[in-house]
Amino acid sequence: MLMQTKPNLTLSREDFPTDFTWGVATSSFQIEGATHTDGRGASVWDTFCEQPGAIADGSNGSIACDHYHRYEEDLDLMARLGVNAYRFSMSWPRVQPDGRGAWNEAGFAFYERLIQGLLQRGIQVHITLNHWDMPQALQEAGGWANRETCGYFVAYALEVARRFGRYTQSLCTHNEPWVIAVLGHELGVFAPGLKSRKTAMLVSHHLLLSHGMAVKAIREAGIKLELGIVLNLSPIYPASDSEADMQKAKIDDGLNARWYLDPLCYGRYPEDVLSHLGDDAPTFSPEDMATIAQPMDFVGVNYYTRNFSSSGNPWDVNSTGNEVTDMGWEVYPEGLTELLCRLHQEYGIQCLRVTENGAAFKDEMVDGQIDDERRESYLREHIRATHDAMAQGVPVDAYFAWSLMDNFEWASGYEKRFGLIHVDYPSLKRTPKRSAKWYQQFLKA
Ligand code: IFM
């Protein structure tokens with residue numbers, strides 16, 4: 001049954017199915033801190049932060065939001081928000097310092113406490129295994145460019161599934177493999193800071209392969225939980241209707257979206273992208289492709305903005321006159337509807353989740369309050385955009401706002417704030433913003 005569209009009315013929670021999942025999301029390196037505590041090993045992001053100039057404000061993740069020590073307070077904040085789900089990532093080097101070999105029981109104990117705290121508050125557990133902070137020891141052995149890493153990842157995935165599967169609603173293998181491959185290995189602006197397209201494409205293949213291997217292994221072990229992957233996707237439009245710009249937009253979409261979706265859904269890489277890559281394309285076997293294309297229980301979509309590509313600089317952003325966030329990203333909720341419809345129609349995906357959506361704005365604390373009206377409006381409009389897709393018959397069953405609280409925004413350090421909850425970094429005090437109060441009211445309805 002299709003849901004009704006309500007073009008001019010305020011949407012409420014009741015306009016969504018009663019079993020719709022409403023959550024907030026974070027990731028380990030961005031919030032936990034405690035990078036030297038209880039036997040955690042180093043991650044590639046610890047190392048990357050040490051490179052001069054790598055992080056805009058020269059910061060690192062050593063304290064971040066100190067969530068490792070303040071998780072109880074953060075769980076209470078989530079419960080007060082009224083979300084019924086929390087998407088977080090596990091820090092691989094916290095539970096297995098070298099990425100192979102011994103497990104770190106103290107690290108697992110932290111996640112046990114966190115998960116039990118969620119369950120006690122009636123909040124579902126959605127775990128991501130790899131939100132970029134891979135163990136530095138594995139990087140030294142070649143990282144994601146080394147095929148052996150896939151096997152180590154499967155061992156880690158199985159261990160997490162065995163320990164926590166019975167408490168967990170969903171397990172996501174990788175968050176945004178495009179970011180790891182391209183920003184981390186081609187452009188070098190994220191960890192591990194390499195600059196080779198050939199390496200980046202090999203890394204993307206190994207991320208996809210390890211996803212498929214992990215899903216297969218968990219299913220074969222008989223552990224029942226929802227398994228999937230999370231992709232960062234945006235509609236990519238040509239900057240003009242010139243033939244060159246249209247071709248460029250098609251290839252950019254190929255590199256960002258089809259390079260991941262075609263193998264995951266159909267077990268093949270897109271031919272036009274393979275020939276565009278030439279010698280930079282990875283080598284792969286038909287068996288690899290069959291492994292990648294494991295049936296998935298869900299595909300997560302992280303949506304923030306749309307992109308334009310021109311035959312010049314691929315990251316040129318067209319000036320549309322629409323509002324932009326503090327990241328310089330255009331606010332374009334219609335793009336989310338378009339994307340969800342495409343994933344359903346073109347790829348036949350039967351369970352879609354908005355696993356991240358949110359905006360960075362410069363927040364100002366006045367008399368102890370943060371009146372982030374623009375973030376509230378961003379969330380409201382994107383929830384409406386999700387509803388619009390559902391009204392067209394697209395099966396979406398969850399929405400997670402990014403992020404629970406301000407945190408370490410990678411190469412931007414602490415300068416960009418995405419949180420519904422403000423974090424005062426010197427004192428680590430948490431203050432819910434207007435957007436948090438709005439989400440709470442929305443969820444109460
Ligand atoms: O903060 C990131 C997150 O780690 C991955 N998706 C995009 C967010 C905003 O840049």
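Counting starts at 1 for both ligands and their atoms, in listed order.
- For H131, a nitrogen or oxygen atom sits less than 3.5 Å from a nitrogen or oxygen atom of ligand 1, counting backbone and side chain alike.
- Paired with H126 under the rule ring pair (Phe, Tyr, Trp, His ring centres under 6.0 Å), one option of Y167, F400, F164 passes, and it is F400.
- Y378 has its ring centre no less than 6.0 Å from the ring centre of F361.
- In this structure, atom 5 (C) of ligand 1 lies nearest to the protein heavy atom E356 OE1, 3.2 Å.
- Evaluated by nearest non-hydrogen atom to atom 8 (C) of ligand 1, the leading choice among F29, Y304, F190, F418 is Y304.
- Open room surrounds NZ on K216; 12 or fewer heavy atoms of other groups in view lie less than 6.0 Å from it.
- Between the side chains of Q30 and S27, at least one donor N or O sits under 3.5 Å from an acceptor N or O.
- Of all atoms in ligand 1, numbered sequentially from 1 with element shown, those under 4.0 Å from a heavy atom of E409 are 1 (O), 2 (C), 9 (C), 10 (O).
- Within 6.0 Å of atom CD1 in I63, 12 or fewer heavy atoms from other residues, nucleotides or ligands are found, so the atom counts as exposed in its surroundings.
- The aromatic ring centres of F29 and H131 sit 6.0 Å or more apart.
- Ligand 1 has a nitrogen or oxygen under 3.5 angstrom from a nitrogen or oxygen of Q30.
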Worked check of side chain to side chain donor-acceptor pair (under 3.5 Å) between S43 and D46: CA-CA 5 Å; S43 80; D46 296 287; 2.9 Å; yes
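- Close approach to W329 involves these atoms of ligand 1, each under 4.0 Å from a residue heavy atom: 10 (O).
- Not a single N or O atom of W132, backbone or side chain, sits closer than 3.5 Å to an N or O atom of ligand 1.
- In this pair, Y269 and F284 present their aromatic rings perpendicular. The plane angle is above 60°, beyond the 30 to 60° band.
- Not one N or O of S27 is nearer than 3.5 Å to an N or O of ligand 1, by distance alone.
- Between W410 and ligand 1, an N or O atom pair is found at a separation short of 3.5 Å.
- Each of the following atoms of ligand 1 lies closer than 4.0 Å to a heavy atom of E176: 5 (C), 6 (N), 7 (C).
- For the pair F408 and ligand 1, no heavy-atom separation below 4.0 Å is found.
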